[in-house]
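Have a look at the structure below, then the notes.
Because the structure is a prediction, the values reported are computed rather than measured. Sequence lines set the chain letters: A, B, ... in the order given, protein chains first and strands last, and positions in each chain run from 1.
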Protein chains: 2
Amino acid sequence: MKYKIKSRIWIEADGNILLGEGRVSLLKAIDETGSLSKAAKSLGMSYKKAWSLIDAVNSRAEKPVITTSIGGKSGGGTELTSYGKSLVIAFETINENCWKFLDKEISKTDL
Amino acid sequence: MKYKIKSRIWIEADGNILLGEGRVSLLKAIDETGSLSKAAKSLGMSYKKAWSLIDAVNSRAEKPVITTSIGGKSGGGTELTSYGKSLVIAFETINENCWKFLDKEISKTDL
DNA sequence: AAGCGTTATATTTGTAAAGGTATAACGATT
DNA sequence: AATCGTTATACCTTTACAAATATAACGCTT
């Protein structure tokens with residue numbers, strides 16, 4: 001088999017993208033670092049881009065995905081809500097299942 | 001369920017994209033019209049873009065996907081080979097199966 | 001040999017997306 | 001009240017991609 005099959009999935013809410021691979025990895029980085037700026041840095045992404053991605057996610061999700069605080073001892077921070085965590089887990093498991101499914105599908109063909 | 005799950009699949013050969021949705025619909029239009037320029041026009045796509053897409057497909061596929069002729073009574077033309085047809089069919093059936101699979105997957109969650 | 005519609009390709013132009021920079025606000029700590 | 005690291009947002013620049021334009025070659029047909 002010379003050919004490989006690839007895929008990208010995403011979740012939409014009212015026609016707008018809610019979650020894709022990039023946003024999920026950003027949410028995961030937020031969960032690990034407790035900060036949007038640190039998360040962005042860890043992914044080599046500008047803070048601005050990270051912020052606009054998170055803004056889109058938060059404005060379209062049914063429930064808050066993150067909580068933010070400004071000021072304070074550490075300057076502030078961003079944390080993933082438990083709802084956000086469940087979104088991340090659902091996305092990643094479906095994504096992995098999709099890959100397996102597609103590999104099976106293409107192995108059925110005679111390409 | 002407020003959320004919808006979407007996907008795009010594509011087939012790669014040695015890390016390069018061989019076939020995606022856009023290329024498949026172009027191949028189908030070629031099969032219907034017998035001409036690359038007519039196919040491009042029917043899809044509202046510039047000839048140049050259509051040609052470069054087809055060029056990429058043809059240079060990466062294991063076997064020729066189209067045959068072209070220049071000059072002649074109708075000016076020339078482009079036709080889909082039977083191998084090209086089998087590629088199109090394989091892609092479309094896998095794509096539809098993928099959509100169904102994903103709908104099932106997301107309905108399992110409690111998002 | 002002139003004309004036609006097509007394939008094939010280079011060059012330029014225009015536009016939308018991404019990126020960089022700057023700045024304000026915030027609140028605990030010192 | 002000055003400092004610090006963070007969130008939040010505006011503005012400008014750059015860059016990558018799409019689109020438009022131009023041109024050549026080809027081979028039936030007339």
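Within the structure, every side-chain polar atom (N or O) of A/Ser69 is placed at least 4.0 Å from both OP1 and OP2 of C/dC26. Taking only side-chain nitrogens and oxygens, B/Ser37 comes nearer than 4.0 Å to OP1 or OP2 of C/dT7. For D/dA8, the OP1/OP2 oxygens have a side-chain nitrogen or oxygen of A/Trp51 closer than 4.0 Å.
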Please tabulate the protein-to-nucleotide N/O contacts below 3.5 Å involving nucleotides 18-23 of chain D, giving atom names and distances.
residue : atom : partner : partner atom : Å
D/dA19  : N6   : B/Lys48 : NZ           : 3.1
D/dA20  : N6   : B/Lys48 : NZ           : 3.3

Filtered N/O pairs between nucleotides 2-4 of chain C and protein, under 3.5 Å:
none

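Counting heavy-atom neighbours within 6.0 Å of B/Glu79 CD, excluding the residue itself, gives a total of 12 or less.
Atom CD1 of residue A/Ile66 and atom CG of residue A/Asp31 lie 12.0 Å apart, to the nearest 0.5 angstrom. To the nearest 0.5 Å, atom NZ of residue A/Lys38 and atom OG of residue A/Ser74 are 6.5 Å apart.
Look at A/Lys6 and B/Glu12 and you find a salt bridge, because one of the NZ, NE, NH1 or NH2 atoms lies within 4.0 Å of a carboxylate O, short of that distance.
Atom pair B/Leu36:CG and C/dG5:P shows a separation of 17 Å (rounding to whole Å applied). Between the NZ atom of B/Lys41 and the P atom of C/dT7 there is a distance of 10 Å, rounded to whole Å. Look at CD1 on B/Ile30: it is 13 Å from P on C/dT6, rounded to the nearest Å. Rounded to whole angstrom, the span from the OH atom of A/Tyr47 across to the P atom of C/dA18 amounts to 19 Å. Summarising the geometry, the separation between CG on B/Leu53 and C1' on C/dA8 is reported as 15 Å, rounded to the nearest angstrom. Here D/dT6 presents its C1' atom at 13 Å from CD of A/Glu79, a figure rounded to the nearest Å.
Of all non-hydrogen atoms in B/Ile30 and B/Leu80, the two that sit nearest each other are CG2-N, 4.3 Å.
A donor-acceptor pair shorter than 3.5 Å cannot be found between the side chains of B/Ser35 and B/Thr33.
Comparing D/dT6, C/dT7, D/dT7 against the side chain of A/Lys38 picks out D/dT6 as the nearest.
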Legend entry - Residue pair B/Ser7, A/Cys98: steps toward the side-chain contact (heavy atoms from CB on, under 4.5 Å) verdict: CA-CA 10 Å; B/Ser7 65; A/Cys98 185; 5.6 Å; no
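The salt bridge (charged side-chain N to carboxylate O under 4.0 Å, His left out) contacts involving residues 20-29 of chain A comprise A/Arg8-A/Glu21, A/Lys28-A/Glu92, where partners must be two or more places apart or lie in separate chains.
Residue order along DNA chain D, read from the 5' end via each residue's closest nucleotide, puts A/Gly34 first among A/Gly34 and B/Gly71.
At least one donor-acceptor pair closer than 3.5 Å links the side chain of B/Thr81 to the backbone N or O of B/Val65.
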